[in-house]
Amino acid sequence: MVVGIDGSPSSYAALRWAVRHAGLIGATVDAVAAYELPGAHAWSAPAVDMEFDAEEAKRGLVEEVRKVLGETGETQVHERLVHGNPAEALLVAAEGAELLVVGSRGRGGFARMLLGSVSQQVSQHARCPVVIVRPDVNVSGTGAGTA
């Protein structure tokens with residue numbers, strides 16, 4: 001099972017949902033975070049950020065998963081940091097997967113949109129079933145997530 005992580009409340013809810021579901025069916029979870037470097041694809045774009053450290057980003061992803069799930073839930077999660085467009089990276093990561101789980105809206109986009117561009121793209125192009133989880137924010141501000 002593959003789940004997309006981008007630091008948004010929706011992606012945290014998707015991660016929690018994926019781990020609960022994986023526990024029910026005896027599966028493991030690949031938590032995938034994608035990054036793009038500005039200017040890496042075109043000459044006219046801004047200069048590439050030379051400060052980006054993939055190892056530091058990977059450590060940050062591991063810590064993010066630990067923060068969301070706690071020590072017990074993270075044991076069945078494999079963190080993967082990949083370079084590329086988030087939707088494309090998730091589609092590639094989900095090739096051969098039984099399920100792709102994403103949040104309804106990520107860090108970008110407009111608040112009034114029901115689906116983010118990544119969730120919309122993967123729902124249209126994935127070769128496996130896709131679950132789109134939206135955050136269910138309670139009074140304390142933590143999202144439980146519902147599908």
Side-chain angles (χ1 to χ4, degrees), residues 1-42 45 49 52-147:
M1 180 179 321
V2 174
V3 61
I5 302 294
D6 70 358
S8 68
S10 284
S11 74
Y12 294 161
L15 176 61
R16 287 188 292 271
W17 188 94
V19 168
R20 282 192 310 271
H21 186 72
L24 294 173
I25 64 171
T28 59
V29 175
D30 285 343
V32 177
Y35 69 94
E36 287 186 296
L37 298 177
H41 301 291
D49 181 7
F52 181 80
D53 181 350
E55 288 300 316
E56 181 63 31
K58 170 72 175 186
R59 283 189 295 276
L61 174 60
V62 170
E63 288 301 316
E64 190 171 21
V65 168
R66 182 174 291 137
K67 179 182 82 171
V68 173
L69 300 177
E71 297 293 328
T72 57
E74 76 175 89
T75 58
Q76 62 193 44
V77 176
H78 302 103
E79 298 89 356
R80 293 177 43 201
L81 180 69
V82 296
H83 179 262
N85 171 279
E88 292 172 14
L90 288 171
L91 290 170
V92 168
E95 288 180 11
E98 293 202 25
L99 190 64
L100 172 58
V101 183
V102 294
S104 61
R105 285 189 36 256
R107 296 182 67 105
F110 298 98
R112 68 184 175 274
M113 292 178 66
L114 294 176
L115 286 181
S117 61
V118 172
S119 58
Q120 187 172 29
Q121 287 177 38
V122 300
S123 69
Q124 293 174 353
H125 300 289
R127 294 183 180 190
C128 65
V130 176
V131 173
I132 301 173
V133 180
R134 67 179 175 84
D136 182 31
V137 180
N138 61 25
V139 179
S140 66
T142 59
T146 58

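Scanning both residues, R16 and V68, for their nearest heavy atoms gives NH1-CG1, 3.4 Å. Considering all non-hydrogen atoms of both residues, L81 and A57 come closest at CD2-CB, 3.5 Å. When all heavy atoms of P135 and A13 are compared, the pair lying nearest together is CA-CB, 4.0 Å. Taking every heavy atom of both residues into account, A97 and V2 meet most closely at CB-CG2, 4.0 Å. Contact detail for L61 and A31: the closest heavy-atom pair is CD2-O, 4.1 Å. Contact detail for S119 and I132: the closest heavy-atom pair is O-CD1, 4.0 Å.
With sequence neighbours excluded, no residue satisfies side-chain hydrogen bond (donor to acceptor under 3.5 Å, both in side chains) with Q124. In this structure R59 satisfies the salt bridge (Lys or Arg N to Asp or Glu O under 4.0 Å) test together with E56, sequence neighbours excluded.
A side chain to side chain contact (heavy atoms under 4.5 Å, CB included) with V130 holds for exactly one of L100, L90, L99; it is L100.
Put simply, CG on D30 and CD1 on I5 are 11.0 Å apart, with the number rounded to the nearest 0.5 Å. Summarising the geometry, atom CG belonging to L69 is positioned 10.5 Å from atom CD belonging to E64; distances are rounded to the nearest 0.5 Å. To the nearest 0.5 Å, atom CG of residue L15 and atom NZ of residue K67 are 11.0 Å apart.
Side-chain atoms of S11 come within 3.5 Å of backbone atoms of D6 as a donor-acceptor pair (strictly under, hydrogens ignored).
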Begin from the C-alpha positions of H21 and V131 and carry the test side-chain contact (heavy atoms from CB on, under 4.5 Å) through to its verdict. CA-CA 11 Å; H21 186 72; V131 173; over 6 Å; no
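With salt bridges taken as basic N to acidic carboxylate O contacts below 4.0 Å, none links E55 and K58.
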